[in-house]
Amino acid sequence: MMNNFKQVVAAPSSKFDEELEKLVWLPRGSALITSSGELEEQGIEAIIHAATGSMNNADDNPEYYEPTLESIENSIKNSFELLKTNGFSNIAVPFIGGNIFISRIGTTPRILANRIIESCFKYAGTSNFILVTHSGTKKGSDHDLFSTLLKTDYNVKNISAILKDGDICDFMLHNCEVIMNAANMEVEFGGGLSGVIANATNQRKTIDAEAKKYINEYYLNA
């Protein structure tokens, strides 16, 4: 079911906006909320797509299309804006940028994970977030990395209350009505975690089309 979500895209304007409008892409660091397909049946009511960089045009203009730590932070900030604007309270946040984009960002897993955690605490406000990894919990895993950072850098006592390992598409794992997708400026489902979420919705094409509709409305009202 397609909902009439309120879109708050607080990305700064850019000289590339005209080009992005023609492409029907969002500015880097934006976020967009869509319906969740069959995930709604279990309690996941929406997906917020964190548009951290482009899958296509990075070679043409890496200064604008490549994902960065700043675009990761901005997309998380805008995700929390969308969460609150649409009346939701809880969001499950994955290791965005931690697979397909990390080499392009040019950083380490530890630095990226820290930026994600820092941004969540910084922008959550009264909203709740659950960090979700899907790597297992052994030493050296993503879960181990996030757990260590939460304990040592953020003095979190009850790690299990805000960090889970498993399938972000499993509502029973995190009890969040919204999940964050590691998306792109195109806001089209791709591979990796995005592909996992797409398959779980069983409505990949419908949600991609919904995102394009919202992007067109964004430029129409800009």
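Computation of the quantities below employed the complete heavy-atom set of this structure, encompassing side-chain atoms and omitting hydrogens, waters and symmetry-equivalent molecules.
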Side-chain contact test, heavy atoms from C-beta onward, threshold under 4.5 Å: evaluate it for [X] versus [Y] and give yes or no.
{"X": "S119", "Y": "K77", "result": "no"}
{"X": "L150", "Y": "L131", "result": "yes"}
{"X": "I162", "Y": "F121", "result": "yes"}
{"X": "L173", "Y": "I168", "result": "no"}
{"X": "R28", "Y": "T68", "result": "yes"}

Could you state whether [X] and [Y] fall into the same hydrophobic cluster, counting links through intermediate Ile, Leu, Val, Met, Phe, Trp or Tyr residues with side-chain heavy atoms under 4.5 angstrom apart?
{"X": "I76", "Y": "L26", "value": "yes"}
{"X": "V93", "Y": "I48", "value": "yes"}
{"X": "I116", "Y": "I197", "value": "no"}
{"X": "L39", "Y": "I130", "value": "yes"}
{"X": "V132", "Y": "I159", "value": "no"}

Gap separating the [atom1] atom of [X] from the [atom2] atom of [Y], nearest 0.5 angstrom:
{"X": "I91", "Y": "I179", "atom1": "CD1", "atom2": "CD1", "result": "9.0 Å"}
{"X": "F146", "Y": "D165", "atom1": "CZ", "atom2": "CG", "result": "11.0 Å"}
{"X": "C176", "Y": "D170", "atom1": "SG", "atom2": "CG", "result": "11.5 Å"}
{"X": "K213", "Y": "I215", "atom1": "NZ", "atom2": "CD1", "result": "11.5 Å"}
{"X": "S79", "Y": "I96", "atom1": "OG", "atom2": "CD1", "result": "7.0 Å"}
{"X": "I207", "Y": "S36", "atom1": "CD1", "atom2": "OG", "result": "6.5 Å"}

For the residue pair L82 and I33, what are the closest heavy atoms and their distance?
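Heavy atoms of L82 and I33 come nearest at CD1-N, 3.8 Å.
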
If you compare all heavy atoms of L193 against all heavy atoms of P94, which two are closest, and at what distance to 0.1 Å?
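So the two residues come closest at CD2-CB, 3.3 Å.
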
Closer than 3.5 angstrom, by distance alone: can the side chain of [X] be matched with the main-chain N or O of [Y] as a donor-acceptor pair?
{"X": "S147", "Y": "H143", "value": "no"}
{"X": "R110", "Y": "L145", "value": "no"}
{"X": "S194", "Y": "G191", "value": "no"}
{"X": "Y219", "Y": "W25", "value": "yes"}
{"X": "E118", "Y": "E73", "value": "no"}
{"X": "S71", "Y": "P67", "value": "no"}
{"X": "Q7", "Y": "Y214", "value": "no"}
{"X": "D208", "Y": "F189", "value": "yes"}
{"X": "Q42", "Y": "F171", "value": "yes"}
{"X": "D142", "Y": "H134", "value": "no"}

When you look at CD of E38, are more than 12 heavy atoms from neighbouring residues, nucleotides or ligands closer to it than 6.0 Å?
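Yes.
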
Just one of K205, K212, H49 clears the side-chain contact (heavy atoms from CB on, under 4.5 Å) bar with E188, so which one?
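Looking at K205, K212, H49, the match for E188 under the side-chain contact (heavy atoms from CB on, under 4.5 Å) is K212.
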
Between [Y] and [X], do the side chains contain a donor N or O and an acceptor N or O under 3.5 Å apart?
{"X": "E186", "Y": "S54", "result": "yes"}
{"X": "N114", "Y": "Y154", "result": "yes"}
{"X": "K84", "Y": "N86", "result": "no"}

Give the ring-plane orientation class for F88 versus F5, where under 30° counts as parallel, over 60° as perpendicular and anything between as tilted.
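The arrangement is tilted - the two ring planes meet at 30° to 60°.
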
What verdict does the side-chain contact (heavy atoms from CB on, under 4.5 Å) test give for N199 and R204, after you've listed the backbone C-alpha separation in whole Å, the side-chain angles of each residue and the deciding distance to 0.1 Å?
CA-CA 7 Å; N199 291 337; R204 176 190 288 258; 3.7 Å; yes

